[in-house]
Structure formats: structure tokens, C-alpha cells
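All heavy atoms count here, side chains included; hydrogens, waters and symmetry mates do not. Below, chains carry the letters A, B, ... as their sequence lines are ordered, and counting in each starts from 1. The structure presented is a predicted model; accordingly, all values stated were derived computationally and were not measured.
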Amino acid sequence: MSLFEETNASPKSGEANHKKLSLIAFSGDFDKLTAVFTLATGAAAVGYEVNIFFTFWGLDAIKKKEGRAFIGKGFLPKLFGFFMGGVKAAPVSRLNFGGLSPKIFRYMMRKNNVATLEELIEAAKALGINLYVCEMAMHILGLKKDDFIHEVKDVLGVATFLKISEGGRTLFI
Amino acid sequence: MIHYLDITKEHCPMTFVRTKLKLAQIDKGDILEVLLTEGEPLENVPQSATEQGFKVLNVEQVEGIVYRVTIEK
């Protein structure tokens, strides 16, 4: 169940004073994904149109299976799917200590009343942030659109992403 | 109708997120009273509400660092 009621809060292209932020979520690290979703939700909340293009390890953030699962078509994709895991299996980029650190971070975030990665993702969905999957990375990993959360708007290539992000700011994380 | 939102215990970006989502849920013409703290929330919540076409009716200090911002949708 969503923590937030879904809205149509996201502004549309063509509106006056239109501001846009596009993020390329390349990393599947817990801390970097937290940065992606903090920037994305903050920007959407102050009126930006926000697009996130998930590629390579970043795809882990939006898989339906949040833990480790043998998803993907073929032996190697299944193996990668398992070791990459979903958002619940995301490691931190430094001092991961075999997966202990993300648990400690989540505890510290809750203790300090800071939104956890999962809460930020729920907020991103509620804010109507546009989530896109990189077509190429999806194919390498033997995944299909149905392996991702239903909020994913589309599967895209570079040319379409460039078109979507044109006229705004773009960050690679 | 008046709606209330307390974001004094929230941190960035949830201060903005909760305000935005609440404003999206209420009806046009309704009032939202937001309790927030000085610093970034006080500086930016009224400003971003104005930028998004809402009307900030009042900003008043409640107690210490806590302020009440009244916004009309």
C-alpha cells in the first residue's frame, strides 16, 4: 500500500514558467539512489517536471521484486538478477560491511525522522515523477517492462531521453 | 474548508513533498494551514507555493522557531 495518496501533481510541458530536472540513475547504490530520489521528490514538490532515466545498476531501484530474485530471461541474466537484487538489496557505495550498513542507515534515517529510500520512492510515485527504463540495459539483463513497478511510464533509448530532457537540467548519478 | 499540516518534525525534501501532496489533494478555494520551522521550510514553502500559483495569505510566528503559513489553493 502506498504511504501517500496518488495525485496528478506533476506539471506538464508547455505550462508557463516550466522548470525541468532530468536525472540519469546509473548507480544501484543505496546512498546514490537516496540522492536521486531526494533531488527528484524535492524538485517535483517545488513545481519541477521531473524525469528519471534508470539504466544499468540503477534499474534495481524500480524492480517489482525488491529483494534478491532470479529474474530475467536466460541463465546469465538470472544470475545477475539475483546478485544485483532489488531496492532492498542495494549496498552503500562505501563501508557496506556485507550489507549491514544499509540496515544501519535505514535505522538512523528513521531515528532522525528523515525519509528512507523506500519512502522517497513512494513519494516519487505520488508526485507523478516520470520514471523511464533504459531499453538497452533492460535487454542486456534479459528483463521486460513487466519486471518493473507499474509506475514506469516507458522504456526509452538515448534519443528519446534527450528529447524529453531538453530545455531542463540533467544530472548523472 | 480549512486543512492542517504539521511539517515541523519533517526534513528536506519531505517538508516540500508533504505540502505539495496536501495542496494537490484539497479543493480549489480551500485553505491550508502549514506549521513549519524557520530556516529552509519557512523560506521556501511559501515561495514555492506562490510560484505554483497558490496564494499565500499569511505568515505568522506561532512560538519560538515555529511559524504558521496560510495558503489558499
To the nearest 0.5 Å, what is the distance between [atom1] on [X] and [atom2] on [Y]?
X: Lys9(B); Y: Asn112(A); atom1: NZ; atom2: CG; value: 13.5 Å
X: Glu51(B); Y: Lys19(A); atom1: CD; atom2: NZ; value: 4.0 Å
X: Lys20(B); Y: Thr41(A); atom1: NZ; atom2: OG1; value: 12.5 Å

Can you check whether Pro13(B) reaches Leu120(A) side chain to side chain, under 4.5 Å on heavy atoms?
->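 Yes, at least one pair of side-chain atoms sits under 4.5 Å.
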Should we count [atom1] of [X] as having more than 12 external heavy atoms under 6.0 Å?
X: Lys32(A); atom1: NZ; answer: no
X: Lys78(A); atom1: NZ; answer: yes
X: Lys145(A); atom1: NZ; answer: yes
X: Arg68(A); atom1: CZ; answer: yes

Pairs of donor and acceptor atoms involving the side chains of residues 102-110 of chain A, under 3.5 Å and at least two apart or interchain, shall be tabulated with distances.
from      : atom 1 : to        : atom 2 : distance (Å)
Arg106(A) : NE     : Glu118(A) : OE1    : 3.2
Arg106(A) : NE     : Glu118(A) : OE2    : 3.1
Arg106(A) : NH2    : Val87(A)  : O      : 3.4
Arg106(A) : NH2    : Glu118(A) : OE2    : 2.7

*Where do Asn113(A) and His11(B) come nearest, in terms of heavy atoms and distance?*
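Residues Asn113(A) and His11(B), closest heavy atoms: O-CD2, 3.2 Å.
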May I have all residue pairs that pass salt bridge (Lys or Arg N to Asp or Glu O under 4.0 Å) and include part of residues 59-72 of chain B, sequence neighbours excluded?
->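 Matches after skipping sequence neighbours: Glu33(B)-Arg68(B), Glu60(B)-Arg68(B).
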- Item | Any donor-acceptor N/O pair, Gln52(B) side chain to Ala45(A) backbone, under 3.5 Å |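 Flag set: sc Gln52(B) to bb Ala45(A) pair under 3.5 Å.
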* Check the pair Leu127(A) / Val17(B) against side-chain contact (heavy atoms from CB on, under 4.5 Å), numbers first and verdict last. => CA-CA 8 Å; Leu127(A) 287 161; Val17(B) 171; 4.1 Å; yes
